[in-house]
Student: 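There's a structure below that I have some questions on.
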Amino acid sequence: AGNSTITVAVPSGWTSTTANPRTITSPPSQTANFGLRPPAPVCSGGLTANPTTVIPGQTSALNAVNCTSPTGDPIVYSWPAPDYGATTNVNSPNTTWTSPNPFWQQVQAHPSVSVCNQGGGLCNSYGATITITPRFSVSGSVFVDDNKDRLLGTGENNYTAGITISPNPGGVTSSPL
């Protein structure tokens, strides 16, 4: 029995999960175990969204592009809940994101995917940005039409200018009341 210092050569991209080097007291036939974690899969094309601008209720196709595992292991895809909208959490590089409906202001949604080696290990995450544009833009001011004649009359309040309701690209149009 005696002290031995054993060092394992960690392959490029891999990480050691145990002390390296290790000093052990052992008889010459004892085994020293080391833990190694493989590198995470990589998606060279990142995460794409098509289209990147939608109106409430529309969908966008999400694709994790050119994903490979440096070890050749099968890849597991996980789609966490985004800040706005919803995705179908499927073990696939492709899924569909659905915009919330209705929506009253322009915001950006940030869907993402986690890409891992099957059986665990390190993961990489990729994100995309999708802009949700409301169906209408409203500008101007209004008045209270107390007598319901659609005209500004004496004594009706809060009138300062006209109001404009404009459809946004891809939105729906409206007709006068």
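Positions are given from 1, in the same order as the sequence printed here.
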Student: Could you tell me which non-hydrogen atom of D83 sits nearest to which non-hydrogen atom of Q108, and how far apart they are?
Tutor: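 Looking at all heavy atoms of both residues, the shortest contact is OD2-O, 3.8 Å.
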Student: Do V90 and S92 make a side-chain contact, defined as non-hydrogen atoms from C-beta onward lying under 4.5 Å apart?
Tutor: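 They are in side-chain contact.
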Student: For a quick test of reading the model, state the closest non-hydrogen atom pair linking N117 to P39 and the distance between them.
Tutor: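 Residues N117 and P39, closest heavy atoms: ND2-O, 2.9 Å.
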Student: Side-chain heavy atoms under 4.5 angstrom apart, residues restricted to Ile, Leu, Val, Met, Phe, Trp, Tyr: same cluster for V76 and Y126?
Tutor: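 No, separate clusters.
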Student: Side-chain heavy atoms nearer than 4.5 Å, only ILVMFWY residues, links allowed to pass through others: does that put V107 and I130 together?
Tutor: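 Linked within one cluster.
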Student: Show your working on side-chain hydrogen bond (donor to acceptor under 3.5 Å, both in side chains) between S114 and S125 and close with a plain yes or no.
Tutor: CA-CA 4 Å; S114 291; S125 292; 3.2 Å; yes
Student: If only atom types and distance count, is the side chain of T88 paired as donor or acceptor with the main-chain N or O of T95 below 3.5 Å?
Tutor: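 No, because the side chain of T88 does not come within donor-acceptor range (under 3.5 Å) of the backbone of T95.
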Student: Under a 3.5 Å threshold, yes or no: a donor from one side chain and an acceptor from the other, between T98 and T59?
Tutor: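 Side-chain D/A pair, T98 to T59: absent.
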Student: In terms of hydrophobic clustering (I, L, V, M, F, W, Y; side-chain heavy atoms under 4.5 Å; direct or indirect links), are V42 and Y77 co-clustered?
Tutor: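 Result: yes, single cluster for both.
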Student: Would you check, one step at a time, whether the test side chain to side chain contact (heavy atoms under 4.5 Å, CB included) holds for L36 with V10?
Tutor: CA-CA 8 Å; L36 297 177; V10 179; 4.0 Å; yes
Student: Any chance you could measure T48, atom OG1, to N66, atom CG, to the nearest 0.5 Å?
Tutor: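 Those atoms lie 10.0 Å apart.
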Student: Which atom pair, heavy atoms only, marks the closest approach of P80 to T87?
Tutor: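 Looking at all heavy atoms of both residues, the shortest contact is O-OG1, 3.9 Å.
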Student: How close do P93 and W79 get, counting heavy atoms only, and between which atoms?
Tutor: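 Taking P93 first and W79 second, the nearest heavy atoms are O-CZ2, 3.5 Å.
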Student: Let me confirm one number: the CG-SG distance from L122 to C116, rounded to the nearest 0.5 Å.
Tutor: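 Rounded to the nearest 0.5 Å, the CG-SG separation comes out at 9.0 Å.
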Student: Could you give the distance from OG (S99) to CD1 (I55), rounded to the nearest 0.5 Å?
Tutor: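 S99 atom OG to I55 atom CD1 measures 8.5 Å (nearest 0.5 Å).
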Student: Looking only at heavy atoms, which two atoms of L47 and S112 are closest? And how far apart?
Tutor: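 Scanning both residues, the minimum pair turns out to be CD2-CA, 3.9 Å.
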Student: Side chains of P134 and Q106: closer than 4.5 Å at any heavy-atom pair?
Tutor: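 When only atoms from C-beta onward are counted, Q106 and P134 do touch, with a gap below 4.5 Å.
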Student: Using every non-hydrogen atom in the two residues, find where N91 and I75 come nearest and quote the distance to one decimal.
Tutor: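 Here N91 and I75 meet closest at OD1-O, 3.9 Å.
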